[in-house]
Amino acid sequence: MAMRCALTSLPARLRSPAVVASGTRRLLSDGKGRVLSEEERAKENVYIQKMERERQEKLKKKLEQEKDAADKAKSGADGKKAEGTN
């Protein structure tokens, strides 16, 4: 009952099925207060995905380099221990 009262008190433009189903109204804007068109949103999504992919690749390369450096340090330390025992 409370939900029905809350929905009837909302303006008609906010009572659309999409808004009611999701519970919130999601508008993507360009940061200047302007709502983006479908094409602009699609381009922005592609750009964001590309940037995230590049960031993930950089992190992956960095982790591989750190792992290689750790392996070299470990093998170097093992070699020194072996030499010191002779």
Lys67 NZ to Leu63 CG distance, which is reported to the nearest 0.5 Å: 10.0 Å

Inter-residue atom distance Lys58.NZ - Lys62.NZ, 0.5 Å rounding: 11.0 Å

By the rule that ILVMFWY residues connect when side-chain heavy atoms come within less than 4.5 angstrom, directly or transitively, which residues belong alongside Met51? Tyr47

Is any NZ, NE, NH1 or NH2 atom of the basic residue among Lys43 and Glu39 found under 4.0 Å from an Asp or Glu carboxylate oxygen of the other? yes

Do Val46 and Lys50 make a side-chain contact, defined as non-hydrogen atoms from C-beta onward lying under 4.5 Å apart? no

Any residue meeting side-chain hydrogen bond (donor to acceptor under 3.5 Å, both in side chains) with Glu66, in chain and number order, not counting sequence neighbours: none

Between Arg41 and Leu36, what is the shortest heavy-atom contact and its length? NE-O, 3.5 Å

I'd like to know whether CD of Glu64 has more than 12 heavy-atom contacts from other residues, nucleotides or ligands below 6.0 angstrom. yes

